[in-house]
Amino acid sequence: MSDAKPARPNQELQHLLGEYANGEISREGLNRLEELLKQRPDARKEYIEFFQVHAGLYDLVEEFSQRDSVSETTLANSRGNRQSERRLFWLPVAISFLAACILIACFVFLPPWASDVADAPSADVRSNKTSVSQVASSFTLPDATTTQPIAVISRMVDVVMAPGETALHIGQSLAPQQVTLQSGLVQFDFLNGVTVVVEGTVELELISQTRCKLLRGQARVYASSQEDGFTLETEDATFIDRGTEFGVRVTPGKEAEVHVIDGQVDILPHAVAEATHSVTTGNAMTVSWNHPPQDIGFRPDDFPTINGVAERLSVQTAERFQQWRNDRQEILEDKDLVVFYDFQSNPDNAQQVVNRVSNGLDGTIVGCKVAEGRWPGKESLEFKGFHDRVRINIPGEFDAITLSAWIRIDGFDRTFSSIMLTDYFQDGHIHWQFRSDGRIEMGIRPKHEERILYLSEPELGFDDLGRWFQLVTVFDPDLGKVFHYLDGKLIMSAPIEIGREADYRAPTETLDKLRIGYAELGNWRRKDPGEPYSIRSLNGRMDEFALYSRALSEAEVARLYEIGKP
């Protein structure tokens with residue numbers, strides 16, 4: 001006879017309720033929960049009891065946390081309000097009870113086709129609550145370029161772009177285009193394995209994975225690891241590698257030079273009468289329209305190398321790190337700076353994030369690992385685990401506010417990813433996050449309204465994965481607007497009273513004060529057990545977070561970026 005004990009009758013129900021409370025229930029699980037609630041009165045009773053306890057525990061823990069943090073003076077002044085506090089304590093329980101009853105009524109009395117209708121989002125929906133069944137369909141990724149990238153920028157040093165040229169950044173993927181530099185060093189890694197390093201005043205046209213054209217400047221080509229063949233063109237000739245490392249210099253009005261460091265290069269002059277010439281290791285030639293190729297002295301050291309770029313980049317990043325350490329004193333002396341976390345480890349408490357402003361307000365690390373930040377030697381916190389977060393508590397109320405963070409995104413994994421989210425979302429609380437489609441968002445909850453959203457257009461994309469960038473959001477009541485900045489540049493402004501959802505909310509109420517209170521960096525300790533978007537953990541790193549009690553101007557935001565840019 002088997003000694004195995006039969007499963008408890010309500011074990012399946014408890015499991016489904018737990019998944020539903022955590023916002024992790026599947027479509028199949030939700031259907032099964034609906035079936036159990038329709039068929040069994042005891043299941044409906046257990047459902048109500050479960051969420052009574054669930055809601056009560058959330059607020060009980062919060063009440064204990066707040067009691068631990070307030071001073072004796074505050075406790076003495078609050079004794080007269082205890083009776084009203086007890087009434088407020090049970091308000092979430094009553095709301096949860098009512099919501100449970102409504103949900104059960106929907107399960108029991110709605111016709112079978114009603115669930116199909118509920119799954120389709122309405123064009124006139126006015127609530128910020130979305131059913132669990134809608135979460136998967138709401139997940140969208142940034143638009144990908146329709147042009148296949150052909151190369152990636154792996155290193156850059158001291159780059160100054162030509163006037164009118166768009167700035168480049170390390171890690172950026174490039175489609176066919178022309179790149180024009182005034183000065184500096186750039187290493188291009190083509191997707192077929194070829195590396196091209198350019199230096200100085202350069203005009204380089206990227207044509208395909210196997211072809212580019214040098215119009216001005218000098219370049220060194222590493223093509224020994226590719227199998228497709230690689231061609232570098234100039235106005236005077238085409239240089240075809242044969243498993244090669246070679247350098248090419250182009251000076252407008254003069255002949256082009258090729259120096260073969262290793263292997264063989266075939267030269268096809270563009271002059272009609274010229275035949276193909278081959279140049280081998282340790283040799284060099286010039287070629288032009290005016291005369292046939294001629295041998296010249298071999299000068300391999302004239303051309304930039306991969307190792308040389310790496311060494312100069314290492315020196316530059318060390319200098320930038322030291323410059324940031326000097327310049328951040330300018331930030332710390334700002335009298336309106338409330339919080340400044342640089343995420344450098346605290347030798348006395350490894351779980352503490354130190355507020356470099358003298359008034360305290362340190363954070364507590366939960367799960368995050370220390371990782372490299374914007375520069376070698378600069379530390380950051382890595383958010384990878386589902387529960388990784390930094391707990392903070394910033395008391396008080398704010399008329400104006402500026403939020404600033406340096407972050408690195410490693411994946412668009414969630415519909416919403418937290419930068420800083422308050423535990424509650426009510427009466428002036430702030431949610432600051434980005435969406436899976438690359439839009440930056442700050443949400444504020446007025447006292448008697450659902451929400452106001454300040455939402456940018458999609459600004460973050462796949463090219464931004466793995467790179468450090470700065471986000472700044474400014475709430476400016478004097479100008480009556482909210483602003484989003486990316487890397488020091490304005491990307492959005494919206495009226496405070498309307499935000500970006502004019503059809504969602506009429507400006508029936510004036511926003512009073514903003515509040516943070518208990519909050520988290522990189523995650524969210526939600527207070528609504530039925531919230532479908534409960535998973536908002538950041539996949540990436542953060543190595544600076546600042547909060548000001550005033551609205552920074554556009555010039556001040558630009559200066560903040562200049563101080564902190566890698």
Side-chain angles (χ1 to χ4, degrees), residues 150-161 168-174 179-207 209-234 237 239-251 254-267 279-287 295-320 375-376 566:
I150 61 173
V152 177
I153 298 176
S154 58
R155 294 184 177 93
M156 289 173 46
V157 182
D158 297 328
V159 169
V160 177
M161 304 298 297
L168 304 175
H169 62 78
I170 294 175
Q172 181 178 351
S173 60
L174 300 173
V179 177
T180 305
L181 311 179
Q182 280 191 341
S183 60
L185 278 164
V186 180
Q187 178 179 325
F188 301 93
D189 291 344
F190 286 75
L191 299 190
N192 67 338
V194 172
T195 294
V196 176
V197 181
V198 300
E199 181 179 26
T201 302
V202 173
E203 295 179 43
L204 179 69
E205 184 180 356
L206 307 175
I207 300 172
Q209 295 184 33
T210 60
R211 183 171 161 232
C212 67
K213 186 172 184 178
L214 185 65
L215 302 172
R216 177 193 296 267
Q218 56 186 17
R220 189 177 190 128
V221 178
Y222 296 81
S224 59
S225 64
Q226 55 80 38
E227 59 183 1
D228 299 329
F230 191 81
T231 299
L232 188 147
E233 298 180 12
T234 69
F239 302 97
I240 305 169
D241 86 274
R242 303 299 181 191
T244 307
E245 178 184 341
F246 64 98
V248 174
R249 175 182 289 108
V250 174
T251 304
K254 297 184 179 180
E255 56 274 295
E257 299 179 14
V258 60
H259 298 251
V260 179
I261 293 115
D262 184 36
Q264 176 181 318
V265 171
D266 292 340
I267 304 175
V279 185
T280 56
T281 301
N283 294 289
M285 276 189 166
T286 62
V287 59
D295 292 331
I296 58 172
F298 177 57
R299 302 187 308 278
D301 294 339
D302 287 0
F303 299 93
T305 66
I306 291 177
N307 288 342
V309 178
E311 290 170 1
R312 285 184 56 180
L313 182 59
S314 178
V315 171
Q316 184 189 65
T317 53
E319 291 174 348
R320 281 291 302 124
W375 308 281

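Numbers for residues simply follow the sequence, beginning at 1.
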query: Could you give the distance from CZ (F188) to SG (C212), rounded to the nearest 0.5 Å?
result: 9.0 Å

- request: Hey, could you give me the CD/OG1 distance between E311 and T305, rounded to the nearest 0.5 Å?
  value: 7.0 Å

- line: Hits for salt bridge (charged side-chain N to carboxylate O under 4.0 Å, His left out) against E257, two or more places apart or cross-chain, chain-then-number order -> R249, R299

query: Does A237 have any side chain to side chain contact (heavy atoms under 4.5 Å, CB included) partners at least two apart in sequence or in another chain, and if so, which?
result: T234, F239, I267, V287

- prompt: If only atom types and distance count, is the side chain of T317 paired as donor or acceptor with the main-chain N or O of L313 below 3.5 Å?
  reply: yes

message: For a side-chain contact (heavy atoms from CB on, under 4.5 Å) check, start with the C-alpha distance between V248 and V221, then their side-chain angles and the critical distance, and finish with the verdict.
response: CA-CA 8 Å; V248 174; V221 178; 5.8 Å; no

field: Shortest non-hydrogen separation from L206 to I150 and the atoms involved
entry: CB-CD1, 3.7 Å

- request: Test side-chain hydrogen bond (donor to acceptor under 3.5 Å, both in side chains) on R155 and Q187 and set out the steps.
  value: CA-CA 5 Å; R155 294 184 177 93; Q187 178 179 325; 3.0 Å; yes

Residues forming a salt bridge (charged side-chain N to carboxylate O under 4.0 Å, His left out) with R312, sequence neighbours excluded: D158, E199

- request: Output all residues satisfying side chain to side chain contact (heavy atoms under 4.5 Å, CB included) with V160, sequence neighbours left out; order by chain, then residue number.
  value: Q182, S183

- prompt: How far does CG of L181 sit from OG1 of T201, to the nearest 0.5 angstrom?
  reply: 8.5 Å

task: Check whether any side-chain heavy atom of L191 lies under 4.5 Å from a side-chain heavy atom of V152, and answer yes or no.
output: yes

Closest non-hydrogen atom pair between V196 and A219, with its separation: CG1-CB, 4.1 Å

message: Please report the interatomic distance CG(N283) to CD1(I261), rounded to the nearest 0.5 Å.
response: 12.0 Å

- request: Would you list the pairs meeting salt bridge (Lys or Arg N to Asp or Glu O under 4.0 Å) in which at least one residue belongs to residues 214-224, sequence neighbours left out?
  value: E203-R216, R220-E245

field: Residue pairs passing the salt bridge (Lys or Arg N to Asp or Glu O under 4.0 Å) test where at least one lies in residues 179-194, sequence neighbours excluded
entry: none

- prompt: For V197 and Y222, which heavy atoms make the closest approach, and how far apart are they?
  reply: CG2-CE1, 4.3 Å

field: Short side-chain to backbone donor-acceptor contact, N192 and Q209, under 3.5 Å
entry: yes

message: Quick check: closest heavy atoms across A284 and G297, and the distance to 0.1 Å?
response: CB-O, 3.9 Å

- prompt: Would a 4.5 Å heavy-atom cut-off, applied to side chains only, mark F298 and T281 as touching?
  reply: no

query: Which atom names give the shortest non-hydrogen contact between I306 and T195, and what distance separates them?
result: CD1-CG2, 3.8 Å

Separation between NZ of K213 and CG of L204, rounded to the nearest 0.5 Å: 11.5 Å

- request: Measure the CG-CE distance between L168 and M161 for me, rounded to the nearest 0.5 Å.
  value: 4.0 Å

